[in-house]
Each structure stands twice: as structure tokens, then as C-alpha cells.
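Given the structure is predicted, the values throughout are model-derived calculations rather than measurements. Worth knowing before you read on, the calculation uses all heavy atoms, side chains too, and leaves out hydrogens, waters and symmetry mates.
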Amino acid sequence: MTSGPGRTPRAAVKAMIVRDGAILMNRSRVRGADGREREIFDLPGGGHEFGETQEEALRRECLEEIGARVRVHGAALVYEVRTWAPDRTHLTFQQVNVAFWAELEAGEEPGLGSAPDGAQVGTAWLPIRDLPSYEVHPAGVAAWLLADPGSRPLGIGPFEIPPEL
């Protein structure tokens, strides 16, 4: 059940940018284990590099993925994602994400940044009320956004993600 000697979870930061009842998501195309291509959505952000503050990491990641400068506000959510080996004997990936409320800086609009994730093809504003119509990863983030704000926990997960993501 371990990931191997000396391995630790990866730390990451994510942006929750909401405008007019919609949340900004990265839009990616992936090929599943069944060979079919599908469109998936996830929050912009990524790995927290050594020496960066969380805010610096999130601003850098947003420039790389959505090509826009952001203003970072308070922490909204902490969630964990994990990927298991096909035989389920060990984890191959584990990441703890801290999602922050953020907003686009004045005059900024999202698009494809200078260093998008491998399968990323753009960004999309998804109406929060319609999130069940989309394949959001992890699905628990969509459920969290749909919940009554007064009942949202600070931490959720862990969520299992398929190897192709």
C-alpha cells in the first residue's frame, strides 16, 4: 500500500476563479483506458516548487496554464488525489492540493498559457449549476462547489484518479 521508500505526496496549489456564477476550468482532452477520447475539466494550478510561497506558486501556475495574471485570496479547500497501479498494490501518484479563491487581475482574460499541462487544450467557464453535465476531476470538487457554502468542509478526499489523467 506504500508508494515506495522515501516518496512523499506532491504539494500543489489550485485556483478557484468564479465569475457570474461560472468557475474557470482547464479544458483537456484525454484518451481513456477504453481508447476513447473525452474532454475533462479541472482547476488551474499545479506543483508548488521549493522556495515559492503558495501565492507565488499559484500566480506562476496560472500564467503557465491560463495565460492570465491572478490575484490570490484566502484558502477555500484542501483535497487529495491518488492514482493506483493497475494491480492496486501501490500508489503511483499522490498530490495534496490547496485551492485558493482567486480573481483575474484587471484586464486579464484566460486562454491557453505559455506552458499548459500536456493534455490541456484551453480553458472554459463552466456554470456551477451545470457542473454535473461535465467530467470534472476530481468529481468531489464539483460536488463541493454545488454544496451550500455554509456546509462545505475545508478538506475532502482522497479521490482516485485514473492513470491517464
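Remark: the backbone N or O of P153 is paired with a side-chain donor or acceptor of W144 at under 3.5 angstrom. The backbone N or O of L63 lies less than 3.5 Å from no partner atom in the side chain of R69, so there is not a single donor-acceptor pair. Distance alone, capped at 3.5 Å, places no donor-acceptor pair between the T83 side chain and the T92 backbone. Using a distance-only test at 3.5 Å, with no hydrogens or angles considered, no donor-acceptor pair links the side chain of N97 to the main chain of A99.
Taking every heavy atom of both residues into account, A76 and W101 meet most closely at CB-NE1, 3.2 Å. Residue E109 comes nearest to A68 through the heavy atom pair O-CB, 4.0 Å, listed as atom of the first residue, atom of the second, then distance. Here the closest heavy-atom approach between residue P116 and residue S114 is recorded as CD-C, 3.6 Å. Heavy atoms only, all atoms of each residue included: V18 and G21 are closest at CG1-N, 4.5 Å. Minimum heavy-atom separation, A15 to A102: CB-CB, 4.4 Å.
With sequence neighbours left out, the side-chain contact (heavy atoms from CB on, under 4.5 Å) criterion links A143 to no other residue.
Under a hydrophobic clustering in which Ile, Leu, Val, Met, Phe, Trp and Tyr are joined whenever their side-chain heavy atoms come within less than 4.5 Å, directly or via other members, V81 and V136 fall into the same cluster. Under the 4.5 Å side-chain heavy-atom criterion for grouping Ile, Leu, Val, Met, Phe, Trp and Tyr, L58 is connected to L24 within one hydrophobic cluster. A continuous path of Ile, Leu, Val, Met, Phe, Trp and Tyr side chains, each step under 4.5 Å between heavy atoms, connects I156 with F93, placing both in one hydrophobic cluster. Tracing side-chain contacts under 4.5 Å through hydrophobic residues (I, L, V, M, F, W, Y), one never reaches F159 starting from V13; they form parts of separate clusters. Put simply, I161 and L131 are part of the same group of oily side chains (I, L, V, M, F, W, Y) that touch within less than 4.5 Å, one to the next.
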> What do the steps show when you test D42 against K14 for side-chain contact (heavy atoms from CB on, under 4.5 Å), and what is the final call?
Replying inline: CA-CA 9 Å; D42 66 328; K14 298 290 183 170; 4.1 Å; yes
> Step by step, would you call I66 with E108 a side-chain contact (heavy atoms from CB on, under 4.5 Å)?
Replying inline: CA-CA 10 Å; I66 67 172; E108 295 288 307; over 6 Å; no
> After noting the C-alpha distance and the side-chain angles of L43 and I23, does the key distance pass the side-chain contact (heavy atoms from CB on, under 4.5 Å) rule?
Replying inline: CA-CA 9 Å; L43 294 172; I23 187 153; 3.8 Å; yes
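In this structure, H48 NE2 and Q54 CD are separated by 5.5 Å, a value rounded to the nearest 0.5 Å. Separation of atoms CD (E52) and CD (E61) is listed at 7.5 Å; rounding is to 0.5 Å. Taking CG of L145 as the reference point, atom CZ of R152 lies at 5.5 Å (rounded to 0.5 Å). For the atom pair CZ (R29) and CZ (R38), the distance works out to 13.5 Å, reported to the nearest 0.5 Å. We find the CZ-SG distance between R71 and C62 to be 13.0 Å, quoted to the nearest 0.5 Å.
For E105 and R59, the salt-bridge test fails: no basic side-chain N is under 4.0 Å from an acidic carboxylate O. For the pair E160 and R82, the salt-bridge criterion is not met [side-chain N within less than 4.0 Å of a carboxylate O].
In the displayed structure, D20 atom CG is contacted under 6.0 Å by at most 12 heavy atoms of other residues, nucleotides or ligands. By the neighbour-count criterion of 12 heavy atoms within 6.0 Å, atom CZ of R129 is sparsely surrounded, having that number or fewer from other residues, nucleotides or ligands.
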Compile the donor-acceptor pairs under 3.5 Å between side chains in residues 117-127 and protein atoms, sequence neighbours left out, one pair per line.
{"residue": "Q120", "atom": "OE1", "partner": "D117", "partner atom": "N", "Å": "3.2"}
{"residue": "Q120", "atom": "NE2", "partner": "N26", "partner atom": "OD1", "Å": "3.3"}
{"residue": "Q120", "atom": "NE2", "partner": "E65", "partner atom": "O", "Å": "2.8"}
{"residue": "Q120", "atom": "NE2", "partner": "G122", "partner atom": "O", "Å": "3.3"}

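Judged as a ring pair (Phe, Tyr, Trp, His ring centres under 6.0 Å), not a single pair has a partner in residues 57-77 (not counting sequence neighbours).
Using a 4.5 Å heavy-atom threshold, the side chains of Y134 and M25 count as separate. The closest side-chain heavy-atom distance from R19 to L104 is below 4.5 Å.
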